[in-house]
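For reference, the structure is listed below as structure tokens.
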Amino acid sequence: MRDPQIRWHIFTDSVKLAEAVTKSIVEQSEHAIRERDAFLMVLAGGSTPAAIYRLLSRNDCNWEKWHIYFGDERCLPLGTVDRNDSMARDLWLDHVEIPTEQIHPIPAELGPQAGSEAYAEILAGVGDFDLTLLGMGEDGHTASLFPGNPTGAGPQSPDALGVRDAPKPPPQRISLSANRLARSRNVKVLITGAGKREAVMRLRAGDDIPIRAVCPPGGLDLLLDQAAAPSVPGETG
Ligand code: 6PG
């Protein structure tokens, strides 16, 4: 497996991390809009990005140029509180003027097979993303790419994968493949909390955990608070 170039950014705490990441996202959006008149962003699920989504909702950005995609989704009915798109809408997307047709939820309510095929069709017409946000689980998973399952790292991999046996409930999910997640000008992996320490140490030790399958041309920016990375050298973010 190719190895991603990894840059480590360590922050004192999760609040400082969220503030710095939000500032970086806004700056990246302004650059992308100047260069290409659009900003394409993939959202992470889970709880880590919540603080960033709240902070983004308080910014006055050129929202009509933003295009939102999702890195993964749980196969639950639309509007279910545990869906990743529900959290993003509640904290951010419902409070800013991104055109509805530019927000692309994963149709995970269709189930792993039909939903992944439908999202792959949507993505077929989409070029490289400007920014992909990812989280990392305590077992080293990212999006819904779990240990022991295919990560879709190969260049011919489908853009979206159906997952049926996720160890993190619910078991049925849809995930962008590692290859598609990596087709992005910048990939930021958000890692906070002592619960992630073991996965961080495994990553540093070179273990073959799913996040390592995401190999964007520009490398991975890992953004961690000290609770997740007590002994990791690296530039302080
Ligand atoms: C999901 C997420 C998942 C998440 C990690 C970290 O659907 O659960 O996509 O990959 O990012 O499990 O979750 P936390 O941010 O809650 O620690």
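Quick caveat: nothing in here was measured; it's all calculated off a predicted structure.
There is a path of hydrophobic side-chain contacts, each under 4.5 Å, that joins Leu224 to Met201. Both Ile122 and Ile68 belong to a common hydrophobic cluster when Ile, Leu, Val, Met, Phe, Trp and Tyr are linked at side-chain heavy-atom distances under 4.5 angstrom. With hydrophobic clusters built from ILVMFWY side chains whose heavy atoms lie under 4.5 angstrom apart, Leu223 does not share a cluster with Leu55. Both Leu161 and Leu123 belong to a common hydrophobic cluster when Ile, Leu, Val, Met, Phe, Trp and Tyr are linked at side-chain heavy-atom distances under 4.5 angstrom. A chain of hydrophobic side-chain contacts below 4.5 Å, direct or via other Ile, Leu, Val, Met, Phe, Trp or Tyr residues, connects Trp63 to Ile103.
Stacking of Arg204 on the aromatic ring of Trp8 is recorded, both the 6.0 Å distance cut-off and the 45° axial limit being met.
A heavy-atom distance below 4.5 Å is not found between the side chains of Glu73 and Pro105. Under the 4.5 Å side-chain criterion, counting only non-hydrogen atoms from C-beta, Tyr53 is not in contact with Thr22. Residues Gln226 and Phe11 fail the side-chain proximity criterion, which asks for heavy atoms closer than 4.5 Å. For the pair Leu134 and Val187, the minimum side-chain heavy-atom distance is below 4.5 Å. Ile25 places a side-chain heavy atom less than 4.5 Å from the side chain of Leu56. In this structure, the side chains of Met87 and Ser47 stay at 4.5 Å or more apart for every pair of heavy atoms. Using a 4.5 Å heavy-atom threshold, the side chains of Leu222 and Leu203 count as touching. Taking 4.5 Å as the limit, every side-chain heavy atom of Val26 sits out of range of all side-chain heavy atoms of Lys23.
The pair Glu198-Arg202 does not meet the salt-bridge criterion, since no charged nitrogen lies less than 4.0 angstrom from a carboxylate oxygen. Ion pairing between a basic and an acidic side chain is recognised when a charged N comes within 4.0 Å of a carboxylate O; Lys65 and Asp37 show such pairing. A salt bridge links Arg83 to Glu109: one of the charged nitrogens lies within less than 4.0 Å of a carboxylate oxygen. A salt bridge is absent between Asp221 and Lys188; no separation between the charged side-chain nitrogens and carboxylate oxygens falls under 4.0 Å.
The backbone N or O of Asp90 sits less than 3.5 Å from a side-chain atom of His95, completing a donor-acceptor pair. With hydrogens and angles ignored, the 3.5 Å screen pairs a side-chain donor or acceptor of Asp139 with a backbone N or O of His141. Using modelled atom types, no side-chain atom of Thr48 and backbone atom of Ile191 make a donor-acceptor pair closer than 3.5 Å. Judged by distance alone, with hydrogens and angles left aside, the side-chain atoms of Arg197 form no donor-acceptor pair with the main-chain N or O of Gly193 at under 3.5 Å. Using a distance-only test at 3.5 Å, with no hydrogens or angles considered, no donor-acceptor pair links the side chain of Ser184 to the main chain of Leu181. Ser116 places a side-chain N or O within 3.5 Å of a backbone atom of Pro112 that can act as its donor or acceptor partner. Of the possible donor and acceptor atoms, none in the side chain of Asn59 sits under 3.5 Å from a partner among the backbone N and O of Cys61. No donor-acceptor distance shorter than 3.5 angstrom exists from the side chain of Ser57 to the backbone of Trp92, with no hydrogens or angles considered.
When the ring-ring contact (aromatic ring centres under 6.0 Å, His included) test is applied to His67, no partner is found at least two apart in sequence or on another chain. For Phe129, the ring-ring contact (aromatic ring centres under 6.0 Å, His included) partners at least two apart in sequence or on another chain are Tyr69.
When the shell of 6.0 Å around CD of Glu64 is examined, it contains more than 12 heavy atoms from other residues, nucleotides or ligands. Applying the 6.0 Å contact sphere to CD of Glu101 captures more than 12 heavy atoms from other residues, nucleotides or ligands.
Nearest heavy-atom pair across Pro4 and Val214 is CB-O, 3.4 Å. Among all heavy-atom pairs drawn from Ala178 and Ala213, the shortest one is CB-O, 3.4 Å. Across all non-hydrogen atoms, the minimal contact from Pro147 to Pro210 is N-CG, 3.5 Å. Pairing each heavy atom of Ala44 with each of Gly135, the nearest pair is CB-N, 3.9 Å. Between Arg183 and Asp128, the closest heavy-atom pair is NE-OD1, 3.0 Å. Closest heavy-atom contact between Pro107 and Ala118: CG-CB, 3.8 Å.
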Under the side chain to side chain contact (heavy atoms under 4.5 Å, CB included) criterion, do Arg185 and Arg36 qualify, and how do the steps go?
CA-CA 13 Å; Arg185 292 176 179 85; Arg36 291 176 293 278; 3.4 Å; yes
Report the C-alpha separation of Ile174 and Val163 in whole Å, then their side-chain angles, then the decisive distance to 0.1 Å, and conclude whether the side chain to side chain contact (heavy atoms under 4.5 Å, CB included) test is met.
CA-CA 6 Å; Ile174 291 167; Val163 178; over 6 Å; no
Take Asp82 and Arg74 through the test salt bridge (Lys or Arg N to Asp or Glu O under 4.0 Å) and record every step on the way to the result.
CA-CA 8 Å; Asp82 283 343; Arg74 294 98 179 264; 5.1 Å; no
Show the numbers, then the answer: is there a side chain to side chain contact (heavy atoms under 4.5 Å, CB included) between Val126 and Arg180?
CA-CA 11 Å; Val126 179; Arg180 191 58 171 97; 3.7 Å; yes
Mind running side chain to side chain contact (heavy atoms under 4.5 Å, CB included) on Trp66 and Leu40 for me, showing each step along the way?
CA-CA 6 Å; Trp66 287 51; Leu40 278 60; over 6 Å; no
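Expressed to the nearest 0.5 Å, how far OG of Ser24 lies from CD of Glu19 amounts to 13.5 Å. Atom OG1 in Thr192 sits 5.0 Å away from atom CG in Asp225 (nearest 0.5 Å). One finds the CG atom of Leu176 at 8.5 Å from the CG atom of Leu145 (value rounded to the nearest 0.5 Å). With rounding to the nearest 0.5 Å, the separation of CG in Asp165 from CZ in Phe146 is 9.0 Å. Distance OG/Ser177 to CD/Gln156: 11.0 Å, rounded to 0.5 Å. With values rounded to the nearest 0.5 angstrom, Glu138 atom CD is found 6.5 Å from Lys196 atom NZ.
A side-chain contact (heavy atoms from CB on, under 4.5 Å) with Leu43 is found for exactly one of Leu93, Ile52, Asn84, Asp85, namely Leu93.
A donor and an acceptor atom, one from each side chain of Asn186 and Asp130, are nowhere located under 3.5 Å apart. Side-chain atoms of Ser144 and Lys168 include no donor-acceptor pair closer than 3.5 Å.
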